[in-house]
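Only one structure is covered here, and it is reproduced in the block below.
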Amino acid sequence: MTHTPIVELLSSDSIHQEFTVKGWVRSFRANQFVALNDGSTINNLQCVVDFENTDPALLKRITVGAAVAITGTLEESQGGGQRVEIKVKEVEIEGDADPEELKKTILSPKRHTLEKLREQAHLRVRTNTFGAIMRLRSKLSFAIHEYFNKNGYYHAHTPIITGSDAEGAGEMFRVSALDPENPPRKEDGTIDYSKDFFGKETNLTVSGQLEGETYALGLGKIYTFGPTFRAENSNTSRHLAEFWMVEPEMAFCDLDGNMDLAEDFIKYVINYALENCQDDLAFLEERQTKEDQSKPAAERAAMPLREKLHFIVDNNFKRVSYTEAIDILRNSKPNKKKKFKYPINEWGADLQSEHERFLVEKHFKCPVILFDYPANIKAFYMRLNEDGKTVRAMDVLFPGIGEMVGGSQREERLDVLKEKMAALDISEEELSWYLDTRKFGTCTHSGFGLGFERLVLFVTGMTNIRDVIPYPRFPGHAEF
RNA sequence: UCCUCAAUAGCUCAGUUGGUUAGAGCAUCUGACUGUUAAUCAGAGGGUCCUAAGUUCGAGUCUUAGUUGAGGAGCCA
């Protein structure tokens, strides 16, 4: 038996025609009105049961959470809450949901905290909030692929298991097939990884950048979009141990081109969400507005969700060099009044979150791209400027999120790159394949990494990154 | 990893100065009602007060340690 997605029926004009719908009961009011949701949209379809001519035993099984198949005709609704509804001819229960058991879960029809929903991540997708978030997540993922495909980028699948331990982006998770109780050992007692599956030590990737660079220097413009793993002991609402990262890399592109791409790309995917996820965004906006009513004024969102997204799409990101930013911060009120925990005194200091927040949320009140950072606080592969002390790095900072994007123009000069690696004690042998790109036809090239979950955070207006990925992984947590 | 705060019914919370049988709303169940929209009305059931130790005649309440959660910081995307 075929069935029709609820999202289609809600905008259908096929009045009096018969349809079958399948979904989960969200509520059953007055022994008569089934609010049915099938995940195709946030909106429920009202199905009106003729309770006087229906087996009471069957009616009793129409409970919140149950999976049902309903056949009936599409009619204009007599009630005020919806345009159309189904006049039920037949109800079939596919899966019962015992109310006494269900009331112990977050499926019970009442408000739940996000923390409680997180504990039952396998059920939370059936709530309005998480249905909306996860539909948006899916649409944003599609928009990312669409953007790059439309603009001549190739999708490169960089490895998830990496044999390189010099990616330099953080602590790594080891991948091994050795028996942890009894690993093979060398004569000196250390573990003999030459006996391991790959014949060497391997890890989960912390970034596809280095491999991405090699592909950009052959395919021209590429992007990667895949899972990334960091074994950092980070316990914040902005970090995950397993997250998805978008990393474009472009040959013959300098830092300005890189910043142009980051801005254009972010605007495109946000605009895609605005145009294609209106119902879900409207719901999340209302949810945020309600939440804000119970918060002190200072913690409330500056503007409603969709207005905020439009503002991003319609306005230019502010581009500021690190040196200019330091000047702004040094002369800022909080710095003069000693409100910063880490006062800004001289050039060269690494910016703390409080400084980034001040620039983005107080001073410019829009996304900010900071560029040309001091060389000594950035990674070895970033291109050294003529001044000899700054590198062509850039960070895109977003209000409420912090660093959405981190990128740079890459150091294409072999001798300069080798010098920096030597200074940081990075093995040339280990990265010989990477250095080959600089030996054979090296060229100006740039790229960046965008944390996908941080983008989803911003677009949904959520505040904890653990709520925008189906099964969050963070220290002490790998349930499900 | 560090700092701050919290943990009481399925959920959200109240619980006075340490004192009798730990309460409310929602949810669930039973009945009534039947064009409802967080349905409504009446009634019922439901508790390892996070764990352990301690102080005390007596601990949900005080002390210590631990566990878990939240917010902030660092690391970053």
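This one's a predicted model, so the numbers in the text were calculated from it and none came from an experiment. Keep in mind that the numbers below use all heavy atoms, side chains included, and drop hydrogens, waters and symmetry copies. Letters go in sequence order (proteins before strands), and every chain restarts at 1.
Within the structure, every side-chain polar atom (N or O) of A:R29 is placed at least 4.0 Å from both OP1 and OP2 of B:U36. When the side-chain nitrogen and oxygen atoms of A:T113 are compared with OP1 and OP2 of B:U12, one or more of them lie within a distance under 4.0 Å. The shortest distance between the side-chain N/O atoms of A:S237 and the OP1/OP2 oxygens of B:G72 is below 4.0 Å. Residue A:H477 has a polar side-chain atom (N or O) positioned under 4.0 Å from OP1 or OP2 of B:G69. Using a 4.0 Å cut-off, no side-chain N or O of A:R26 falls inside it from OP1 or OP2 of B:U37.
Remark: P of B:C76 and CZ of A:F243 are 12 Å apart, rounded to the nearest angstrom. When the C1' atom of B:U40 is taken as reference, atom CD of A:Q32 falls 14 Å away, rounded to whole Å. As a whole-Å value, the separation of A:N235 CG from B:U4 C1' is 15 Å. A straight line from NZ of A:K104 to P of B:G45 spans 18 Å, rounded to a whole angstrom. A:N128 places its CG atom 13 Å from the C1' atom of B:U37, with the value rounded to the nearest Å. Rounded to whole Å, the distance from CE on A:M172 to P on B:A77 is 13 Å. Distance A:K110 NZ to B:A38 C1': 11 Å, rounded to the nearest Å.
Residue contacts for A:K60: at a heavy-atom cut-off of 4.0 Å it reaches the sugar-phosphate backbone alone, with no base atom in range. Residue A:S77 is classed as a base contact, given a heavy-atom separation below 4.0 Å to a base. Using a 4.0 Å heavy-atom cutoff across all strands shown, A:G449 reaches sugar-phosphate atoms only and no base atom. Using a 4.0 Å heavy-atom distance criterion, A:V246 is classed as making no nucleic acid contact. Within 4.0 Å of A:E356, counting heavy atoms only, lies no atom of the nucleic acid at all. Using a 4.0 Å heavy-atom cutoff across all strands shown, A:I106 reaches no nucleic acid atom at all. Counting non-hydrogen atoms under 4.0 angstrom, A:G80 reaches a base of the nucleic acid.
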Bracket string, RNA chain B, 5' to 3' - pairs by Watson-Crick or G-U geometry under 3.5 Å, | interstrand: (((((((..((((.....[...)))).(((((.......))))).....(((((..]....))))))))))))....
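A salt bridge does not link A:K22 to A:D38: none of the charged side-chain nitrogens sits closer than 4.0 Å to a carboxylate oxygen.
Interface remark: the A:E100 side chain does not form any donor-acceptor pair with the B:G46 base, using a distance-only criterion of under 3.5 Å. Counting atom types as modelled, A:K116 pairs no side-chain N or O with a base atom of B:C11 as donor and acceptor under 3.5 Å. The base of B:U12 is not paired with the side chain of A:E115 by any donor and acceptor separated by under 3.5 Å. The base of B:C11 has none of its N or O atoms less than 3.5 Å from a complementary donor or acceptor on the side chain of A:S108. Within 3.5 Å, no donor on the side chain of A:N31 pairs with an acceptor on the base of B:U36, nor the reverse. For A:Q46 and B:U36, a side-chain-to-base donor-acceptor distance below 3.5 Å is present, hydrogens and geometry of angles not being considered. For A:R230 against B:A77, a side-chain N or O and a base N or O form a donor-acceptor pair under 3.5 Å.
The residue from A:V175, A:N203, A:T205 that alone fulfils the side-chain contact (heavy atoms from CB on, under 4.5 Å) condition with A:I161 is A:V175.
Looking at residues 451-472 of chain A, you'll see A:G451, A:R454, A:N464, A:R466 sit with a heavy atom under 4.0 Å from some atom of RNA chain B. RNA chain B lies under 4.0 Å from at least one heavy atom of each of the following residues of residues 338-353 of chain A: A:Q352, A:S353.
Map A:F474 and A:T105 each onto its nearest nucleotide of RNA chain B; the residue landing nearer the 5' end is A:T105. Comparing A:D395 and A:E119 along RNA chain B, the residue whose closest nucleotide (by nearest heavy atom) sits nearer the 5' end is A:E119.
Judged by the 6.0 Å distance and 45° axis criteria, A:K308 is positioned over the aromatic ring of A:F458. A cation-pi arrangement is found for A:K378 relative to A:Y373, the charged atom lying closer than 6.0 Å to the ring centre and inside a 45° cone about the ring normal. For the pair A:R466 and A:F474, the cation-pi criterion (under 6.0 Å, within 45° of the ring axis) is fulfilled.
For A:H239, taking side-chain heavy atoms from C-beta onward, the closest of the listed nucleotides B:G69, B:A77, B:A73 is B:A77. Relative to the side chain of A:Q82, the nucleotides B:U34, B:U36, B:A73 differ in distance, and B:U36 lies closest. Comparing B:U36, B:A77, B:G74 against the side chain of A:T236 picks out B:G74 as the nearest.
One P atom belongs to B:A38, the other to B:U12, and the distance between them is 22 Å to the nearest Å. With C1' as the reference atom, B:C49 and B:G15 are 10 Å apart, rounded to whole Å. B:G58 and B:U17: their C1' atoms are spaced 15 Å apart (whole Å). Taking atom P in both B:U8 and B:G60, the straight-line distance is 15 Å, to the nearest Å. B:G10 sits 14 Å from B:U51 when the P atoms are compared, rounded to a whole Å. Going from the C1' atom of B:A27 to that of B:G45 covers 13 Å, rounded to whole Å. Rounded to whole Å, the separation between the C1' atoms of B:U40 and B:C26 comes to 15 Å. Separation of the P atoms belonging to B:U21 and B:U63 is 25 Å when rounded to the nearest angstrom.
Taking the six-membered ring where the residue is Trp, A:F265 and A:F448 present tilted rings, their angle falling between 30° and 60°. Below 30°, between 30° and 60°, or above 60°: for A:H155 and A:H145 the angle between ring planes is between 30° and 60°, a tilted geometry. Note: A:F480 and A:Y471 have tilted aromatic rings, judged against thresholds of 30 and 60 degrees for the angle between ring planes.
The closest side-chain donor-acceptor pair between A:R287 and A:T289, if any, does not fall under 3.5 angstrom.
Here A:F33 does not count as stacked on B:G35, because the ring centres are not under 5.5 angstrom apart with planes under 30°.
You'll find the ring centres of A:F398 and A:F317 inside the 6.0 Å limit. With ring centers used as reference points, A:H355 lies under 6.0 Å from A:F340.
Nearest approach of A:L359 to A:I328, heavy atoms of both residues: CD2-CG2, 3.9 Å. When all heavy atoms of A:T158 and A:E211 are compared, the pair lying nearest together is CG2-CB, 3.7 Å.
Between A:V34 and A:R29, every side-chain heavy-atom pair lies at or beyond the 4.5 Å cut-off. The shortest distance between side-chain heavy atoms of A:I86 and A:Q46 does not fall below 4.5 Å. Inter-residue side-chain proximity for A:L204 and A:I160 is flagged as met; some heavy-atom pair is nearer than 4.5 Å.
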